[in-house]
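Values in this document were obtained by computation on a predicted structure and should not be read as measured data.
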Amino acid sequence: MSEQPGRYQRSFSGMVGAMVVLLVVVIGFVVFRAVNRNDVENPVKPIDISQPVEYAREQANFPLLAPDELPEGWIATSVRFGGSGRQQTWHLGMLTEDQKYVGLEQQQETVDDMVEQHVDEEAERGDDVEIDGETWQTFTDEDDDLALVRETPEVTTLVVGRVDQETLEELLATLR
């Protein structure tokens, strides 16, 4: 009998046994959850942009750009046209086949305002690039977002995403 009443004997083998039992319970729970798990569907639903594009082209007071057809594997996820008078805006959000976001923005704003609003206040200007005979300015930020921007007298167009330049150029090739 122990000298202290109400105390039980502790042993190393008893502790190891308790840990083994606990480990078996945890593993059993993990296996149970894995077997009975319902995978969550992808919350991103593709949208049809044909009617919003048609409407926006009729209402816009600038040459509205939108793809006739998205590049292979891409899906449109958001579309907005709004504003009035000189302050109209056009937005088209898409996911590439790699599930990376690319946005197309058109507004009657300056390049600096568009870059600050859609890329970053601290975005750095890169070298200009020539795409289909048009000069586009490039901007990048700390988060590896890349933007191509072109300003015309009617509207400033910006495409942005955390993708490489070829991916943005692929989108630009589809715009009409």
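- Panel note: side chain Asp48, backbone Gln51; no donor-acceptor pair is recorded below 3.5 Å.
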After noting the C-alpha distance and the side-chain angles of Thr77 and Ile47, does the key distance pass the side-chain contact (heavy atoms from CB on, under 4.5 Å) rule?
CA-CA 6 Å; Thr77 60; Ile47 61 170; 5.8 Å; no
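- With rounding to the nearest 0.5 Å, the separation of OG1 in Thr135 from CD in Glu151 is 13.0 Å.
- You'll find the side chain of Pro67 reaches within 4.5 Å of the side chain of Leu92, heavy atoms only.
- Taken together through direct or relayed side-chain contacts under 4.5 Å among Ile, Leu, Val, Met, Phe, Trp and Tyr, Phe32 and Val24 form parts of separate hydrophobic clusters.
- With hydrogens and angles disregarded, a donor-acceptor distance shorter than 3.5 Å links the side chain of Thr96 to the backbone of Lys100.
- Criterion: ILVMFWY side-chain heavy atoms under 4.5 Å apart, direct or through other members. Under it, Val44 and Val79 are not part of a common hydrophobic cluster.
- Of all heavy-atom pairs between Ala76 and Met94, the closest is CA-CG, 4.1 Å.
- Looking only at side-chain heavy atoms (C-beta outward), Asp128 and Arg125 come within less than 4.5 Å of each other.
- Within a 6.0 Å radius of CD in Glu122, other residues, nucleotides and ligands contribute 12 heavy atoms or fewer.
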Applying side-chain hydrogen bond (donor to acceptor under 3.5 Å, both in side chains), run through His91 and Gln107 and close with a yes or a no.
CA-CA 9 Å; His91 160 83; Gln107 289 178 280; over 6 Å; no
In sequence, state the C-alpha distance, the side-chain angles, and the governing distance for Arg10 and Met15, and then conclude on side-chain contact (heavy atoms from CB on, under 4.5 Å).
CA-CA 8 Å; Arg10 296 181 187 150; Met15 181 181 70; over 6 Å; no
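- Formation of a donor-acceptor pair under 3.5 Å by the Thr174 side chain with backbone atoms of Leu70 is not found in this model.
- Annotation: the span from Asp112 atom CG to Gln137 atom CD amounts to 8.0 Å, rounded to 0.5 Å.
- Of the possible donor and acceptor atoms, none in the side chain of Arg150 sits under 3.5 Å from a partner among the backbone N and O of Val155.
- Under a hydrophobic-cluster definition in which Ile, Leu, Val, Met, Phe, Trp and Tyr are linked whenever side-chain heavy atoms come within less than 4.5 Å, directly or via other members, Ile49 and Leu95 are assigned to different clusters.
- Proximity of Gln88 to Asn61: side-chain heavy atoms (C-beta onward) are separated by under 4.5 Å at one or more points.
- Linking ILVMFWY residues whenever their side-chain heavy atoms come closer than 4.5 Å, directly or via other members, places Val160 and Val111 in the same cluster.
- The hydrophobic cluster containing Leu146 also contains Leu175, counting ILVMFWY residues as joined when their side-chain heavy atoms lie under 4.5 angstrom apart, directly or transitively.
- The shortest distance between side-chain heavy atoms of Leu65 and Trp90 does not fall below 4.5 Å.
- For the pair Asp98 and Trp74, the minimum side-chain heavy-atom distance is 4.5 Å or more.
- For CG of Asp132, the number of neighbouring non-hydrogen atoms (other residues, nucleotides, ligands) closer than 6.0 Å is 12 at most.
- By the neighbour-count criterion of 12 heavy atoms within 6.0 Å, atom CE of Met19 is sparsely surrounded, having that number or fewer from other residues, nucleotides or ligands.
- A donor-acceptor pair is defined here as one N or O able to donate and one able to accept, closer than 3.5 Å; no such pair exists between the side chain of Asp143 and the backbone of Asp145.
- The shortest side-chain heavy-atom distance between Val102 and Leu168 falls under the 4.5 Å cut-off.
- Checking each of Leu171, Leu158, Ile131 against Leu148 for a side-chain contact (heavy atoms from CB on, under 4.5 Å) leaves exactly one that passes, namely Ile131.
- Side-chain contact between Arg162 and Tyr101 is absent, with no heavy atoms from C-beta onward closer than 4.5 Å.
- With a 4.5 Å cut-off on side-chain heavy atoms, Leu64 and Phe81 count as touching.
- Residues Arg176 and Asp68 are paired through a salt bridge, judged by an N-O separation under 4.0 Å between the basic side chain and the carboxylate.
- Enclosure of atom CD in Glu130 by more than 12 non-hydrogen atoms of other residues, nucleotides or ligands within 6.0 angstrom is indicated.
- Met114 CE to Thr110 OG1: the interatomic distance, rounded to the nearest 0.5 Å, is 9.0 Å.
- Remark: Arg80 CZ to Thr89 OG1 distance equals 7.5 Å, nearest 0.5 Å.
- Heavy-atom neighbours of Gln99 CD from other residues, nucleotides or ligands within 6.0 Å: above the threshold of 12.
- Using modelled atom types, one finds a donor on one side chain and an acceptor on the other under 3.5 Å when comparing Gln106 with Thr157.
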Go through the steps to decide whether Val25 and Phe29 satisfy the test side-chain contact (heavy atoms from CB on, under 4.5 Å), and finish with yes or no.
CA-CA 6 Å; Val25 170; Phe29 176 75; 5.7 Å; no
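- The two residues Ala66 and Arg57 come nearest to each other via the heavy atoms O-NH2, 3.2 Å.
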Show the numbers, then the answer: is there a side-chain contact (heavy atoms from CB on, under 4.5 Å) between Glu124 and Phe139?
CA-CA 5 Å; Glu124 293 184 24; Phe139 291 87; over 6 Å; no
